[in-house]
There are 2 protein chains.
Amino acid sequence: MNASVKDVAARAGVSVGTVSNVLNRPDKVSPATAQRVHAAIAELGFVRNDAARQLRAGRSRAIGMVLLDVANPFFSELARGAEERAVESGHALILGNSDEKADREARYLDLFEEQRMHGVLVSPAGDVDARLELLRERGIPSVLVDRGSDAFSSVSVDDVAGGELAVRHLVSLGRKRIAYVCGPLTIRQVADRLEGARRVVAQHPDVTIEVVSQAALTVPAGAAAGTALAARAAADRPDAVFAANDLLALGVLQSLVMLGDVSVPGDVALIGYDDIAFARSAVVPLTSIRQPSRAIGATAVEILLEEAAEPTLEKRAVVFQPELVVRASTAATPWR
Amino acid sequence: MNASVKDVAARAGVSVGTVSNVLNRPDKVSPATAQRVHAAIAELGFVRNDAARQLRAGRSRAIGMVLLDVANPFFSELARGAEERAVESGHALILGNSDEKADREARYLDLFEEQRMHGVLVSPAGDVDARLELLRERGIPSVLVDRGSDAFSSVSVDDVAGGELAVRHLVSLGRKRIAYVCGPLTIRQVADRLEGARRVVAQHPDVTIEVVSQAALTVPAGAAAGTALAARAAADRPDAVFAANDLLALGVLQSLVMLGDVSVPGDVALIGYDDIAFARSAVVPLTSIRQPSRAIGATAVEILLEEAAEPTLEKRAVVFQPELVVRASTAATPWR
DNA sequence: TCTCTGCGTTGAAACGTTTCATGCGCGTGA
DNA sequence: TCACGCGCATGAAACGTTTCAACGCAGAGA
């Protein structure tokens with residue numbers, strides 16, 4: 001049904017080896033022959049079969065990426081950065097969604113292994129180290145994204161520092177009773193941000209922190225947490241909320257301001273994490289911790305490609321620093 | 001470096017054919033042999049090479065999808081729906097971003113053709129019909145997403161009806177001077193929504209519509225449009241804005257309310273399109289037109305798989321109906 | 001004239017899987 | 001007892017590419 005390199009060779013009156021040379025090392029073939037081959041290709045509408053090429057090469061040219069949640073703007077930005085860098089050097093980026101589930105993550109890694117991917121980028125949900133070690137043994141390098149590791153190269157943001165930044169900001173505004181609204185503490189980023197938060201709290205005897213853990217890092221999960229907070233007696237309510245990401249924060253904001261009768265930042269100051277594009281257009285524009293998401297993605301691909309080319313390379317750990325972006329949700333005086 | 005089916009066969013003391021049978025038609029092999037083969041697979045850590053399998057099979061089990069903008073929640077939801085349906089039947093979904101650029105779109109289609117994809121889903125940026133016709137000739141079916149077509153199956157939403165819904169709502173609130181803030185009119189959805197809007201305007205002699213076209217369908221593009229509107233003298237300003245999607249609407253909202261001194265919905269009523277999750281947590285919660293994004297993705301995969309199995313099938317066109325979701329940005333009285 | 005170089009081209013091997021015609025051994029019915 | 005059918009297992013062929021050792025040939029140098 002499809003023209004193969006053999007058909008092209010026959011049509012152009014050359015051998016298959018020559019056709020392949022025209023495609024892959026044009027300098028090795030005379031202009032006249034190349035010309036004839038190109039003509040044959042065009043006439044037959046020949047399209048290279050990547051499966052065969054890959055089989056021969058032993059590995060794919062594609063890079064696999066498993067993310068916690070593609071619908072989260074932080075991750076889609078990250079993916080964007082990675083894709084751009086990958087395409088730049090002739091690689092494709094295959095995206096998978098783990099939904100923070102270890103089994104979905106594992107399925108994608110299996111798939112990537114079957115495809116003999118050029119390399120794999122993971123923002124891990126479960127404990128992937130053993131699995132990645134297996135991949136490495138089979139010649140597939142990996143880079144962890146948005147999390148550090150002792151065993152693999154990684155590109156991450158200093159989440160402990162981010163937690164410190166956030167809580168230090170809240171404390172500097174005079175807030176004393178902080179709630180940390182977060183997802184499962186098994187997610188490293190969630191735990192690290194809490195760790196940073198606690199460090200700051202430890203330095204201020206009169207400040208307390210309470211952990212409100214939800215099942216997911218999504219807007220509805222945040223809304224649930226916010227509803228619970230709004231239902232409390234005012235005296236019992238925290239005067240500040242640090243949310244583990246902006247989606248949670250937006251959910252909290254929604255239920256505090258729109259359903260409950262709690263004002264932000266009057267009654268409760270609110271700070272998110274990631275500084276997604278929507279943070280600034282929220283009901284009350286959201287103070288947040290910004291991460292250089294695109295740069296993270298691009299850097300991860302960069303490192304991955306280097307390791308794929310030179311497997312003996314030592315592992316590296318790039319750590320970006322987060323940045324505080326102050327908006328109305330923590331402003332000293334209520335916005336408007 | 002990697003164990004092959006041959007190694008497994010040797011280890012288990014059977015032929016390669018038998019190993020393949022164990023993997024693909026377990027019923028054809030005696031339990032005892034199957035047992036031995038499974039043991040060998042485990043011992044050697046054998047992982048099937050998908051490239052070889054694909055080469056033999058003639059086509060990949062993956063489905064390719066090209067979207068206008070993966071970072072747009074409408075599309076990531078859509079992709080999510082598609083992915084779930086695809087995985088359900090043992091297919092992988094490969095995602096590509098066209099960024100509304102015809103050349104990027106073309107690159108992905110080339111890639112998908114080289115990979116002999118099982119099928120292709122496209123939300124088209126450029127004019128893809130000819131290209132898809134080529135793919136079809138080569139045995140790769142395609143389904144258009146979020147756009148109708150005469151030549152291919154499609155799953156879309158009635159954008160003309162959506163435009164009507166939006167503007168009828170604005171008119172019912174007594175608004176007379178409507179601005180349509182949109183992206184390039186070459187994008188079908190953008191044009192269709194305008195068409196719908198114009199139909200309603202045509203029925204009301206005292207209502208006018210003005211088109212404010214931007215280069216992209218993004219938040220910053222919307223902000224630019226909003227800034228321009230805010231800069232006008234109040235008498236010269238529209239009393240309602242219909243934005244071609246929620247991202248634009250959020251941008252408009254941002255610049256009207258936060259930079260300019262225009263109140264929403266007091267001075268200007270604002271309606272978006274897509275009803276993304278963030279619409280409800282905007283500065284002023286956004287009235288919008290909801291589309292069943294996940295169902296669209298799932299349905300598209302469904303149809304694609306049927307066509308892949310039965311290429312002679314007649315083309316189908318599924319059209320979902322949009323739905324109006326009223327929030328504060330068009331409420332009769334200002335919110336709060 | 002003969003040998004040596006180097007350029008262009010050739011054709012076969014190899015990548016790892018699935019498929020399919022073939023073969024073998026055993027029990028069953030005639 | 002023989003033929004037959006049935007259940008399993010076999011191994012070669014095929015998929016389409018890239019690579020590589022080998023080859024032919026023309027021109028240069030001896």
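Numbered from 1 within each chain, the chains take letters A, B, ... in sequence-line order.
A salt bridge does not link Asp110(A) to Arg48(B): none of the charged side-chain nitrogens sits closer than 4.0 Å to a carboxylate oxygen.
Residues in residues 42-65 of chain B take part in no ring-ring contact (aromatic ring centres under 6.0 Å, His included) pair, two or more places apart or across chains. The list of salt bridge (Lys or Arg N to Asp or Glu O under 4.0 Å) pairs with a residue in residues 56-83 of chain B, not counting sequence neighbours, reads Asp69(A)-Arg80(B), Arg80(A)-Asp69(B), Asp99(A)-Arg80(B), Arg104(A)-Glu83(B), Glu77(B)-Arg294(B).
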TODO: Can you check each nucleotide of nucleotides 4-16 of chain D against protein heavy atoms at under 4.0 Å and return B for base, S for sugar-phosphate only, - for none, in 5' to 3' order?
DONE: ----SSBB-BBBB
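Distances shown here put a side-chain N or O of Arg25(A) below 4.0 Å from the OP1 or OP2 atom of dT19(D).
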TODO: Could you summarise the pairing of DNA chain D as dot-bracket text, marking Watson-Crick and G-U pairs under 3.5 Å with ( ) or [ ] inside the strand and | across strands?
DONE: ||||||||||||||||||||||||||||||
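Distance alone, capped at 3.5 Å, places no donor-acceptor pair between the Glu302(A) side chain and the Arg85(A) backbone. Side-chain N or O atoms of Ser154(B) include none that pairs as donor or acceptor with a backbone N or O of Val145(B) at under 3.5 Å.
Looking at heavy-atom distances under 4.0 Å, Asp50(A) makes no contact with the nucleic acid at all.
Every residue two or more places apart in sequence or in another chain that forms a side-chain contact (heavy atoms from CB on, under 4.5 Å) with Asp103(A) is listed here: Lys101(A). Taking the side-chain hydrogen bond (donor to acceptor under 3.5 Å, both in side chains) definition, one finds that Arg136(A) meets it with Glu133(A), sequence neighbours left out.
Atom-to-atom, CG of Leu23(B) to P of dT19(C) comes out at 11 Å; the value is rounded to the nearest Å. Straight-line distance from the CZ atom of Arg36(A) to the P atom of dG8(C): 14 Å, rounded to whole Å.
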TODO: May I have the step-by-step check of side-chain contact (heavy atoms from CB on, under 4.5 Å) for Ser60(B) and His118(B), ending in yes or no?
DONE: CA-CA 5 Å; Ser60(B) 159; His118(B) 202 82; 5.5 Å; no
